[in-house]
Undergrad: 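Take a look at the following structure, please.
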Amino acid sequence: MTQSAGSIRFILNDRDITVTSVSPTATLLDFLRLEHRLTGTKEGCAEGDCGACTVLVGRLANGELVYESVNACIRFTGSLNATHVVTVEHLAAKDGTLHPIQQAMVDYHGSQCGFCTPGFVMSLYGLWLSKDNPGRADIEKTLQGNLCRCTGYEPIVKAAEAVASARPDALFDPIVKMRKEIIAKLAAMRSPDTIRLSDGDASLIVPGTAAALADLLADHPTATVVAGSTDVGLWVTKQMRNLNPVIFINGLEELQSIHETGDGITIGAGVSYSAAFDQISARYPAFGRLLDRLGGEQVRNMGTIGGNVANGSPIGDTPPPLIALGASVTLRSKSGPRTVPLEDYFIEYGRQERKPGEFVESIFVPNLPDDDHFAVYKISKRRDEDISALCGAFRIALDGSNQVTMVRIAFGGMAGTPKRAANVEAALMGKPWSEETIKAAQAAFEADYKPLTDWRATAAYRMLAAKNLLLRFFLETSGEKAELVRFEVTA
Ligand SMILES: Cc1cc2nc3c(=O)[nH]c(=O)nc-3n(C[C@H](O)[C@H](O)[C@H](O)COP(=O)(O)OP(=O)(O)OC[C@H]3O[C@@H](n4cnc5c(N)ncnc54)[C@H](O)[C@@H]3O)c2cc1C
Ligand code: FES
Ligand code: FES
């Protein structure tokens, strides 16, 4: 058992909280509802999908106070040091006057049974605090992670539009009013020292630096590292797993920066999807469009690209585009860092090129030359907030006579790991970029992949879709319309 040291300190609405003993798998949702009776935050799915449990978590990022919507059901209490947790109870004034967002939901009939309403209000509050005059597309993106069974969404979107132009500097807002005080408190709560708490035999550790994390993993190589907890949260709420010890790394600023160099960008393993979005979209627009369809806003605010790589999932969305772009991953341990091409990191299902004691430190993504064609296609049953049945990333370079001079194609959902299509690539390399070449290359998918049948798609569907995505890529890069693609599942 780990000796306790320090405490987890955060602000809950307008109260200072100090936690000196907590289970490493205790969720923020239970903390709010069971310990503080803040029952406005609801439990719907307990797996990050429905948004009924949405709260805001504020933190200091580069000295700025930023608030993000998160799913309290899969966020662990141990991950909250130096944050401000804001629940729906904090919004109305003491005299009961509703916050303008709440009032708009009333005025536009945005609530019926009401179960989802606090979650919608909190998601919209996060948007209201972070963006002036959001448009309909911003509102829809913000609400991807909030499900409502009753309203049909239009009244909620209308309420959001009505309140969009109300300025967040209005003095009725509890966060705007207390901003300076909150910043000072959060700054005082941060510490480079490692926090160790226990609850019976179970313990959690919050390292203050990346070097401390390396030391801890040398001592506890089987510890569970938790970054955004959008995977690990479900191990607890759905699989009822006991994790011990747990090391929370979401507060490590050293893992949260994006460095631009002449050659490309280095993304710290702790950078969330939301934080990476602008730079990824600017450099690799097709990758940015994929991120828009990864989870909902709350999942993108919590989940990290490092976690998506580290988990080794065959259906993670970022490995295919990262591999097609030629990315590499830097792994770090007490004995130092080492870098491997990302395509070599995934060895087989459940096995990655990561030794005991190592953690993912960063991912380097090279620049995409202006003339290269690059596309990413995600195939899932729903457009928003759904895991891929398959996800394909395509990149080619053509010379002046339309011959393929470089090709990288990678798929998720087609094998036990994210994997390059080596045979398809060989069938394209050096050939004219023509429909005839594509037709011949489509057959090579059979040599590259033996996909599974599961509840997301049959093996035959996956194979046919992969072949047709190559044709789609050809049609799009040749200025044709993608609607020409025909789907026929024969097996
Ligand atoms: C509702 C919902 C929707 C989702 N939709 C999608 C989707 O559309 N596409 C998709 O790809 N994924 C999706 N996910 C899965 C998830 O968001 C991603 O896999 C995410 O990137 C995991 O990152 P994390 O920081 O939350 O990882 P965690 O849950 O914190 O950790 C995941 C795994 O990685 C390990 N780990 C994390 N960081 C490190 C590190 N730096 N070094 C070593 N090990 C580490 C952990 O030990 C664990 O094994 C969804 C999840 C939810 C809940
Ligand atoms: S309860 Fe559904 S997302 Fe948390
Ligand atoms: S109002 Fe009933 S679920 Fe949304």
Undergrad: Restricting to pairs with a member in residues 402-414, which pass side-chain hydrogen bond (donor to acceptor under 3.5 Å, both in side chains), not counting sequence neighbours?
TA: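 Applying side-chain hydrogen bond (donor to acceptor under 3.5 Å, both in side chains) to every pair that reaches into residues 402-414, excluding sequence neighbours, yields E343-R408.
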Undergrad: Do I247 and P207 have side chains that get closer than 4.5 Å, going by heavy atoms?
TA: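 I247 reaches P207 side chain to side chain.
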Undergrad: Are Y125 and Y67 packed together at the side-chain level, in the sense that at least one heavy-atom pair is separated by less than 4.5 angstrom?
TA: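 No, every pair of side-chain atoms sits at 4.5 Å or beyond.
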Undergrad: For E425 and I409, indicate whether the former's side chain and the latter's backbone hold a donor-acceptor pair under 3.5 Å.
TA: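 Checking the backbone N and O of I409 against the side chain of E425, a donor-acceptor pair under 3.5 Å is found.
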Undergrad: Hey, are the side chains of T142 and F120 touching, using non-hydrogen atoms and a 4.5 Å cut-off?
TA: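 Result no, sub-4.5 Å side-chain heavy-atom pair not found.
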Undergrad: Can you tell if the side chain of D317 reaches within under 4.5 Å of the side chain of R293, non-hydrogen atoms only?
TA: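 Of all side-chain heavy-atom pairs linking R293 with D317, none is under 4.5 Å.
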Undergrad: So, the side chain of D454 versus the backbone of R456: is there a donor-acceptor pair under 3.5 Å, distance only?
TA: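 Yes, D454 side chain to R456 backbone: donor-acceptor pair under 3.5 Å.
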Undergrad: Quick one: closest heavy-atom pair of R354 and A310, and the distance?
TA: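 That closest heavy-atom pairing would be NH2-O, 3.6 Å.
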Undergrad: Hey, does I396 have a side-chain heavy atom less than 4.5 Å from the side chain of L398?
TA: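 Contact flag for L398/I396 side chains = yes.
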Undergrad: Are there over 12 heavy-atom neighbours, none belonging to R338, within less than 6.0 Å of that residue's CZ?
TA: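 Check passes, neighbour count above 12.
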Undergrad: Does a side-chain heavy-atom distance below 4.5 Å link V271 with I305?
TA: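 The answer is no; the side chains never approach within 4.5 Å.
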Undergrad: Could you check if a side-chain atom of V365 sits within less than 4.5 angstrom of a side-chain atom of Y284, using non-hydrogen atoms only?
TA: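 Touching, per the 4.5 Å side-chain cut-off.
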Undergrad: Mind telling me whether Y377 and F394 have parallel, tilted or perpendicular rings, with 30° and 60° as the class edges?
TA: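 Taking Y377 first and then F394, their aromatic rings sit tilted (interplane angle of 30° to 60°).
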Undergrad: Looking only at side chains, do E361 and T330 share a donor and an acceptor under 3.5 Å apart?
TA: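 Note: E361 and T330 side chains miss the donor-acceptor criterion.
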Undergrad: For S333 and S335, does a side-chain donor sit closer than 3.5 Å to a side-chain acceptor?
TA: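 S333 vs S335: donor-acceptor pair found between side chains.
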Undergrad: Does some side-chain heavy atom of P369 sit less than 4.5 Å from a side-chain heavy atom of R395?
TA: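 Counting from C-beta outward, R395 and P369 do come under 4.5 Å.
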Undergrad: Strictly distance-based, threshold 3.5 Å: is any side-chain N or O of D372 a donor or acceptor partner for the main-chain N or O of A397?
TA: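 Between the backbone of A397 and the side chain of D372 there is no qualifying donor-acceptor contact (under 3.5 Å).
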Undergrad: Using every non-hydrogen atom in the two residues, find where T41 and R33 come nearest and quote the distance to one decimal.
TA: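 Nearest heavy atoms, T41 then R33: O-NH1, 2.8 Å.
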Undergrad: For G44 versus F115, what's the shortest heavy-atom pair and its separation?
TA: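 So the minimum-distance heavy-atom pair works out to CA-CE2, 4.1 Å.
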Undergrad: Does the side chain of N301 come under 3.5 Å of the side chain of S272 through a donor N or O and an acceptor N or O?
TA: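 S272 and N301 do not have a side-chain donor-acceptor pair below 3.5 Å.
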